[in-house]
Amino acid sequence: MADTLHLLIKPASGNCNMRCAYCFYADEAANRETPSFGVMDRETARILIEKSMDYAKKQCIFTFQGGEPTLAGLDYFKYFTETVRKSNKRNIPVSYNIQTNGYHLQEDWFPFLKENKFLAGVSLDGDAACHDYLRRDAKGKGTYKQVMKTIALFKKYGIDFNVLTVVTGYSAGHARQLYNFFKKQGLYYQQYIECLDPIREAQGTSPYSLTPEKYGRFLKNLFDCWYQDMTGPSAKGTKSHVIYNRYFENLAAILTGREPELCSMRGICGLQWVVEADGSLYPCDFYALDEWRLGNIKDDSFEQIDQKREELGFISRSRTLPKECRICPYLALCRNGCCRLCSMEKQEDGTYIRGKNYYCGAYREFFAYALPRLEELVRLWGK
């Protein structure tokens with residue numbers, strides 16, 4: 001039984017009403033025997049909910065992602081939350097998150113999201129020029145205007161939300177532009193994630209690829225903007241009403257001896273349960289592939305699913321570190337990052353050798369540049 005059970009659910013599988021050029025989940029789906037599992041039926045949802053409420057010891061978190069999860073329909077989500085209420089016999093705390101592309105989300109969704117206290121993430125890659133460059137609809141048209149309408153509705157209904165921005169080779173050259181745009185729009189809670197190259201292709205060869213050199217410059221420019229706000233007149237030595245940058249905040253947490261909440265910064269893969277629309281489970285959103293399938297919630301218990309994860313060695317393979325990392329002065333901060341960005345070679349005995357993170361050079365350059373000022377901020381906040 002898990003103290004906190006956090007499920008990442010794909011209610012509409014990888015189906016989406018947009019065609020973002022860099023979509024990592026579309027790439028994963030294309031590398032599976034069954035690319036799409038359609039929309040999760042109510043029987044699968046019911047079984048998932050009942051088993052989850054039995055397995056969770058202290059808390060249960062349901063996060064919906066895709067593809068585009070809202071394609072499952074509002075009625076699906078109403079059924080889901082109502083079934084959770086009926087199944088929560090022990091009255092454990094339950095919370096909901098949803099990650100949406102914000103494209104053509106109708107207004108009738110917002111009272112529901114507000115009533116059920118959903119925390120929303122909205123995918124937005126910046127202003128119109130940056131966003132529309134790679135985030136287009138099925139007809140090849142930009143989606144910026146529709147997404148901004150959705151953001152206005154989140155504000156109108158008082159729903160907590162943050163912005164998720166994918167950093168590509170193009171947008172990496174516009175760090176200050178992105179930062180100032182989000183700030184002007186009152187989007188203070190930000191998360192930037194590295195663009196992933198397709199699974200079967202060499203890194204750095206796609207038109208949108210983010211190279212280590214570009215990423216290093218991006219992090220330094222972004223940090224300069226953030227640091228200025230953190231130490232400017234409006235900050236007044238506190239963290240109140242300033243830009244929240246998830247990556248920088250996690251680095252600050254490490255410097256104060258706390259565990260980062262970002263799994264990519266913990267140095268080892270954690271327990272995750274990614275649920276596809278047919279009920280299949282996988283150990284990570286980046287590994288929803290046939291070879292990593294853990295079972296199906298309709299047929300297997302969480303204990304059996306956890307055992308399968310152990311048998312496959314998914315977590316244990318992330319424990320190894322290359323020699324360069326073990327002697328690196330920045331290991332405590334970097335921890336070699338996410339396994340999806342590292343080469344992984346399986347040995348004859350079933351163990352893995354984990355290679356150096358693709359963005360190692362970017363991280364080293366950034367830490368050398370920003371660490372003294374980040375440590376200064378930590379001392380300032382500690383007063």
Side-chain angles (χ1 to χ4, degrees), residues 1-15 25 28-29 32-34 36-67 69-99 112-113 115-119 263 269-316:
M1 181 177 286
D3 282 354
T4 298
L5 178 63
H6 189 169
L7 296 160
L8 195 158
I9 304 167
K10 307 277 187 177
S13 193
N15 298 327
Y25 204 73
E28 284 186 46
R32 294 193 304 230
E33 183 176 337
T34 303
S36 172
F37 296 101
V39 174
M40 182 179 288
D41 60 48
R42 294 194 175 193
E43 178 64 7
T44 302
R46 181 190 63 80
I47 294 171
L48 172 63
I49 291 165
E50 291 180 353
K51 287 188 176 181
S52 298
M53 301 314 294
D54 286 339
Y55 186 69
K57 186 177 180 180
K58 294 182 179 179
Q59 183 183 19
C60 195
I61 304 170
F62 297 104
T63 294
F64 300 93
Q65 204 180 69
T70 62
L71 292 182
L74 184 54
D75 285 344
Y76 164 86
F77 283 87
K78 289 180 177 178
Y79 171 80
F80 196 101
T81 53
E82 180 59 29
T83 304
V84 168
R85 281 190 285 269
K86 292 178 180 177
S87 303
N88 192 3
K89 307 297 184 183
R90 294 180 288 120
N91 293 317
I92 64 173
V94 174
S95 57
Y96 299 103
N97 306 315
I98 188 167
Q99 181 66 40
F112 167 80
L113 296 174
E115 178 185 354
N116 290 278
K117 299 179 181 179
F118 272 73
L119 172 63
C263 65
C269 294
L271 289 175
Q272 295 190 47
W273 296 267
V274 178
V275 190
E276 255 289 358
D278 70 329
S280 294
L281 282 102
Y282 303 86
C284 174
D285 195 26
F286 293 155
Y287 291 89
L289 299 163
D290 295 335
E291 58 264 38
W292 292 107
R293 185 176 179 275
L294 304 179
N296 192 294
I297 197 64
K298 293 181 288 189
D299 307 315
D300 305 303
S301 67
F302 275 106
E303 289 80 7
Q304 290 171 314
I305 291 162
D306 289 342
Q307 180 60 37
K308 183 66 174 180
R309 185 194 290 108
E310 186 70 21
E311 291 172 3
L312 290 173
F314 183 79
I315 294 178
S316 61

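Side chains included, hydrogens not; waters and symmetry mates left out as well; all remaining heavy atoms used. Because the structure is a prediction, the values reported are computed rather than measured.
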Exercise for review: Tell me, please, whether Y25 has K10 positioned over its six-membered ring: NZ or CZ under 6.0 Å from the ring centre and within 45 degrees of its axis?
Suggested key: yes
Exercise for review: Apply side-chain hydrogen bond (donor to acceptor under 3.5 Å, both in side chains) to the pair S13 and E276, showing each step before the final yes or no.
Suggested key: CA-CA 6 Å; S13 193; E276 255 289 358; 3.0 Å; yes
Revision key, fill the gap. d(Q304 CD, L281 CG) to nearest 0.5 Å is 11.5 Å
Review point. Would you call the rings of F314 and W292 parallel, tilted or perpendicular, where under 30° means parallel and over 60° means perpendicular?
Key: perpendicular
Practice item. For L71 and A12, work out which heavy atoms get closest and say how close. Key: CB-CB, 4.0 Å
**Study point:** Minimum-distance pair of heavy atoms, taken over all atoms of A277 and T44
**Key:** O-CG2, 4.1 Å
Point to revise | Over all atoms of both residues, closest heavy-atom pair of P283 and L294 | key: N-CD1, 3.7 Å
Exercise for review: Assess R309 against W273: is NZ or CZ under 6.0 Å from the centre of the six-membered ring, and within 45 degrees of the ring's axis?
Suggested key: yes
Review point. Is it true that the side chains of S280 and D278 contain a donor and an acceptor less than 3.5 Å apart?
Key: yes
Check your understanding: Does atom NZ of K298 have more than 12 heavy-atom neighbours from other groups under 6.0 Å away?
Key -> yes
Check your understanding: Do the side chain of R90 and the main chain of M53 share a donor and acceptor less than 3.5 angstrom apart?
Key -> yes
Check your understanding: Which pair of non-hydrogen atoms, one from P11 and one from I9, has the smallest distance, and what is that distance?
Key -> CD-O, 3.0 Å
Revision key, fill the gap. In this structure, CD1 of I305 is separated from CG of L271 (nearest 0.5 Å) by 12.0 Å
**Study point:** Check: F118 main-chain N/O paired with N116 side-chain donor or acceptor under 3.5 Å
**Key:** no
Practice item. Kindly determine whether M40 and V275 satisfy side-chain contact (heavy atoms from CB on, under 4.5 Å), including the steps that lead there. Key: CA-CA 10 Å; M40 182 179 288; V275 190; 4.1 Å; yes
Review point. Can you name the closest pair of heavy atoms from S316 and G313 and give their distance?
Key: OG-O, 3.2 Å
Review point. Backbone N or O of T34 within a donor-acceptor pair of the R32 side chain at under 3.5 Å?
Key: yes
**Study point:** Charged N-O contact under 4.0 Å between R46 and E50
**Key:** yes
Practice item. Any chance you could measure L5, atom CG, to S52, atom OG, to the nearest 0.5 Å? Key: 5.0 Å
Practice item. Check the surroundings of atom CD in E291: do more than 12 heavy atoms from other residues, nucleotides or ligands lie under 6.0 Å from it? Key: yes
**Study point:** Heavy-atom closest contact (T4 atom, I61 atom, distance)
**Key:** CG2-CD1, 4.0 Å
Check your understanding: Heavy-atom distance under 4.5 Å between the side chains of F64 and T70, does that happen here?
Key -> no
**Study point:** Nearest-0.5 Å distance that lies between atom CD in Q272 and atom CG in L8
**Key:** 7.5 Å
Practice item. Could you walk me through whether V94 and F62 pass the side-chain contact (heavy atoms from CB on, under 4.5 Å) test, one step at a time? Key: CA-CA 8 Å; V94 174; F62 297 104; 3.9 Å; yes
Point to revise | Non-neighbouring partners of R42 that pass salt bridge (Lys or Arg N to Asp or Glu O under 4.0 Å), sequence neighbours left out | key: none
Review point. Is there side-chain contact between D285 and Q65, with heavy atoms separated by less than 4.5 Å?
Key: yes
Check your understanding: Taking it one step at a time, do E82 and K78 satisfy side-chain contact (heavy atoms from CB on, under 4.5 Å)?
Key -> CA-CA 6 Å; E82 180 59 29; K78 289 180 177 178; over 6 Å; no
Practice item. Would you please name every residue forming a side chain to side chain donor-acceptor pair (under 3.5 Å) with T81, sequence neighbours left out? Key: none
**Study point:** Ring geometry between F77 and F112 (parallel below 30°, tilted from 30 to 60°, perpendicular above 60°)
**Key:** perpendicular
Review point. Between Y282 and Y287, does the ring centre distance come in under 6.0 Å?
Key: no
**Study point:** Test item: D290 side-chain N/O and E33 main-chain N/O as donor-acceptor pair under 3.5 Å
**Key:** yes
Review point. Can you tell me how far SG of C60 sits from CG of D54, rounded to the nearest 0.5 angstrom?
Key: 10.5 Å
Check your understanding: Within the side chain of K51, is there an N or O that forms a donor-acceptor pair under 3.5 Å with the backbone of D300?
Key -> yes
**Study point:** Spacing of CG belonging to N88 relative to OG1 belonging to T83, to within rounding of 0.5 Å
**Key:** 12.0 Å
**Study point:** Whether F80 and Y76 hold their rings parallel, tilted or perpendicular, with breakpoints at 30° and 60°
**Key:** tilted
**Study point:** Donor on one side chain, acceptor on other, Y55 and D306, under 3.5 Å
**Key:** yes
Review point. For T63 and L119, what are the C-alpha separation, side-chain angles and deciding distance, and is it a side-chain contact (heavy atoms from CB on, under 4.5 Å)?
Key: CA-CA 9 Å; T63 294; L119 172 63; over 6 Å; no
